[in-house]
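All remarks here apply to the structure that follows.
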There are 2 protein chains.
Amino acid sequence: MSKRVTIKDIAQQAGVSVGTVDRVIHERGRVSAEVKAKVLQVMQALDFEPNLIASTLAFNRAIQIGVLMPQLHSDPYWDLPLLGMRRAQQSVKHYGVGLVEQMFDLFSPQDFKRSALALINQKPDALVFPPIFLKESLELLDHCAEVEVPTILVNTDVEHPQVMSYIGQDSYQSGVLAGKLLSMAMNGAGKVLLLNLDKETLNAKHLMDKELGLRHFLEQKDKNSFTVLRQDVEDFDNPERLDGLLKLLLQQYVDIKTVFVTNSRAYKLVEAIQEHAQPHLNILGFDLLPNNLHFLQMGKIDFLINQNASYQGYLAIKNLTDYFIFKKQLPRVQHLPLDIVVAENAAYYLQREQGN
Amino acid sequence: MSKRVTIKDIAQQAGVSVGTVDRVIHERGRVSAEVKAKVLQVMQALDFEPNLIASTLAFNRAIQIGVLMPQLHSDPYWDLPLLGMRRAQQSVKHYGVGLVEQMFDLFSPQDFKRSALALINQKPDALVFPPIFLKESLELLDHCAEVEVPTILVNTDVEHPQVMSYIGQDSYQSGVLAGKLLSMAMNGAGKVLLLNLDKETLNAKHLMDKELGLRHFLEQKDKNSFTVLRQDVEDFDNPERLDGLLKLLLQQYVDIKTVFVTNSRAYKLVEAIQEHAQPHLNILGFDLLPNNLHFLQMGKIDFLINQNASYQGYLAIKNLTDYFIFKKQLPRVQHLPLDIVVAENAAYYLQREQGN
DNA sequence: TTTTCTTGTGTGTGCGCACACACGATTTAA
DNA sequence: TTAAATCGTGTGTGCGCACACACAAGAAAA
């Protein structure tokens, strides 16, 4: 068991003091060129790897991660990433990593802006948020660039130099995957009803991408047999309207066989559907919300694509810890798996969501 | 920013020295009942949580984890858990966690026994292995109990008091899931060919469990329309024989629509199949081996159920680190998700396999 | 009673590193 | 030419904890 190499060892080998070695390692300057070269050479030769445990202990500085998320309990989906972050914080708190949480109203760009400002003013060492409002998010990123706060995005990616890393789904591909599953369920032919249960759908890039993925897949699969009918419903909290709309569509287009709910609100559709005699609809939705899972087990939802919302949050905090404590470089994009969840394998995902 | 509570703080509050507090924390005795109670009470009151970083640093002891695995590169599946373990070791090595690897011949119980002995003699602090040979594994576990080496099983679970934790698949449920997917592919009726491409199939509990799961699902789904035809092939490395056998079966049973390969060797089937005019067979197999993925992308394999073999190994090491360094209790059973992998979502799983 | 053992407690050192500070040797400014 | 700033380097302290050791006081054994 070859003992670990310490800075003391390399100091001795290089014929200098540990302080000098330290200066070389941290590039604090104040070291002559020759000595620096010598130290680096010895470090190479001895294959020195700093003891991160000791390093963290001695560093002894708290890292504050600013977290800007939708108000807790305002929407079941948006609770997941935040809870994931809190779990992650629990597991890295002994590295001195803390969260500064700031919530905003999910449907108010103004509130988003205001909250962002409040958060930045607390001078966090990094920032995590989902760019729900594109324009305001870009402004925020500009602001972050000014005050030099590295940023991780979750849920939706946005191109901006200040974005250090994106953690989340590949929306387009999740649309493709939905196409695959729905085409299987349709047995060769049929119409897919694409349901956007959201506000400002046109402004939500990820929903657009999902639609694109679905359409591309079905076109490439069988242009003539499969078609997509799209319907945006902003008033998704009104079951009667939703049910009425669906009844109307089913009368008009008899060959609707499947429904693709593009976000986590599939359960709202199921709740709204009255038992009017209709052909069995195969429904595909997203995310392991309790309500969705309930209907999945009952057979009223056929597929859920798990976007790992909770794990997104978890990873965001873990990654920032890696970045600050362990000095790891982060990948610009981290696409999480698109898990296909059916009644038969739901339990394990649920368990994992709660576990880490 | 409430500063962390240290043992010094609680020593002060309790009116004792840090040494005494230390003794209470580690239950090393030599503390009077009253003092102990007082210290515990103060710890409660101040909500003391030990600084694990400082603790590990001061502890300063190397943990050696014994790893007993099939010879590398003898079977593509069995490479995965080992590689996962090595990756995990990389990421926890600064806690002083090291691996002692001992390989054995995948098809030789004797060699397993011999290797196990050699490993135990090196007195590792813990042991990880897959109980491939049931009888020999139980003996090994008895031996571990004697020398008090805690053990984690991967891949297959075995009931034994010395097993601290099992990490792996739920074999039965993976059979159920296979049933679900195959029944979808069969559109209401058809025969499933269950193919065990392995030796000593009857002795392999996980294969039996998969079959059970499949049969139960199909029975409950539609007893009359679905049937299962089972075939064990020990000579799976002989493509001609495999192809001949398949041709024969397809002639005999014209309603075979899908094939369930119960382990990671689906690619061997695909490689063996000649292009004799036959109905398209939907094939379901296990695990993200390069060959399997290749055929998945080509459309020759329809589904792969990912048993997270690599992650099993990763978790085993991570969990032992948690156990030894962070003093966490481990769950007796950790079932990993049964990922449904199709061509459209394979990339993300592959990426994750390589990532952590 | 003296000796030995046990019990309860405090003190001190070290884990490997980060960083502040000290200080002589140069270099630059006055 | 002397004072002041700068550079290159070494020393020392502390991060929070684990653990060995010291030591007094009382209990048990001789």
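Every chain is numbered from 1 and lettered A, B, ... according to where its sequence line falls, protein lines coming before strand lines.
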- Message: Main chain of Ala54(A), side chain of Asn51(A): is a donor-acceptor contact present, judged purely on distance under 3.5 Å?
- Response: yes
- Query: Under the 3.5 angstrom rule, does the side chain of Gln122(B) hit a backbone N or O of Gly66(B) as a donor-acceptor pair?
  - Reply: no
- Note on the structure: Closest non-hydrogen contact found for Pro81(A) with Tyr77(A) is CD-O, 3.3 Å
- Query: Rounded to the Å, how far apart are Ile325(A) CD1 and dG16(C) P?
  - Reply: 20 Å
- Query: Does Ser17(B) place a side-chain N or O at less than 4.0 Å from the phosphate oxygens OP1/OP2 of dG10(C)?
  - Reply: yes
- Item | Exercise: identify the closest heavy-atom pair between Asp79(B) and His73(B) | OD1-N, 2.8 Å
- When you match Ala58(B) and Gly29(B) each to their closest nucleotide on DNA chain C, which lands nearer the 5' end? Gly29(B)
- Look at the side-chain N and O atoms of Ser32(A) and state whether any lies under 4.0 Å from the OP1 or OP2 oxygen of dC7(D). no
- Nucleic acid contacts of residues 40-53 of chain A, taken as heavy-atom distances under 4.0 Å to DNA chain C: Phe48(A), Pro50(A), Asn51(A)
- Query: At what angle, to 10 degrees, do the two end axes of the helix from dT2(C)-dA29(D) to dA30(C)-dT1(D) meet, given five pairs define each axis?
  - Reply: 40°
- Message: Using OP1 and OP2 only, check whether a side-chain N or O of His26(B) sits under 4.0 Å from dA18(D).
- Response: yes
- Query: Is Thr56(B) near enough to dC17(D) that one of its side-chain N or O atoms lies under 4.0 angstrom from OP1 or OP2?
  - Reply: no
- Please determine, for the side chain of Thr20(B), which listed nucleotide (dG10(C), dG16(D), dT9(D)) has the closest atom? dG10(C)
- Query: Has Arg23(A) got a side-chain N or O lying under 4.0 Å from the OP1 or OP2 atom of dG8(D)?
  - Reply: no
- In short, side chain to side chain donor-acceptor pair (under 3.5 Å) pairs touching residues 141-153 of chain A with sequence neighbours left out are Asp142(A)-His160(A)
- Task: Using a heavy-atom cut-off of under 4.0 Å over every strand shown, decide if Asn60(A) touches base, sugar-phosphate, or nothing.
- Result: sugar-phosphate
- Message: Are Phe326(A) and Tyr95(A), when compared by the centres of their aromatic rings, separated by less than 6.0 Å?
- Response: yes
- Message: What is the separation between atom CZ on Phe59(A) and atom C1' on dC15(C), rounded to the nearest whole Å?
- Response: 19 Å
- Message: So, OP1 or OP2 of dA18(D): does either fall under 4.0 Å of a side-chain N or O from Ser55(B)?
- Response: yes
- Distance, rounded to the nearest Å, where Lys8(A) contributes NZ and dA18(C) contributes C1': 15 Å
- Atom-to-atom span, CG of Asp22(B) to P of dG8(C) - whole angstrom: 16 Å
- Working to the nearest 0.5 Å, report the span between CD of Gln89(A) and CG of Leu99(A). 4.5 Å
- Message: Keeping Asn121(A) on the side-chain end and Ala118(A) on the backbone end, is there a donor-acceptor pair under 3.5 Å?
- Response: no
- Message: Rounded to whole Å, please give me the gap between CZ in Arg28(B) and C1' in dG10(C).
- Response: 14 Å
- Task: Measure from CG on Leu57(B) to P on dG14(D) and round the result to the nearest Å.
- Result: 17 Å
- Just by modelled atom types, is the Lys123(B) backbone N or O under 3.5 Å from a matching donor or acceptor in the Gln64(B) side chain? no
- Query: Checking side chain to side chain donor-acceptor pair (under 3.5 Å) for the pair Asn308(A)/Tyr348(B): CA distance, chi angles, key distance, verdict?
  - Reply: CA-CA 12 Å; Asn308(A) 286 288; Tyr348(B) 307 110; over 6 Å; no
- Message: It should be established whether Arg30(A) places a side-chain nitrogen or oxygen under 4.0 Å from OP1 or OP2 of nucleotide dG8(D).
- Response: no
- Task: Give the rounded distance in Å between these two atoms: NE2 of His94(A) and P of dC17(D).
- Result: 13 Å
- Rounded to the Å, how far apart are Arg61(B) CZ and dC17(D) C1'? 16 Å
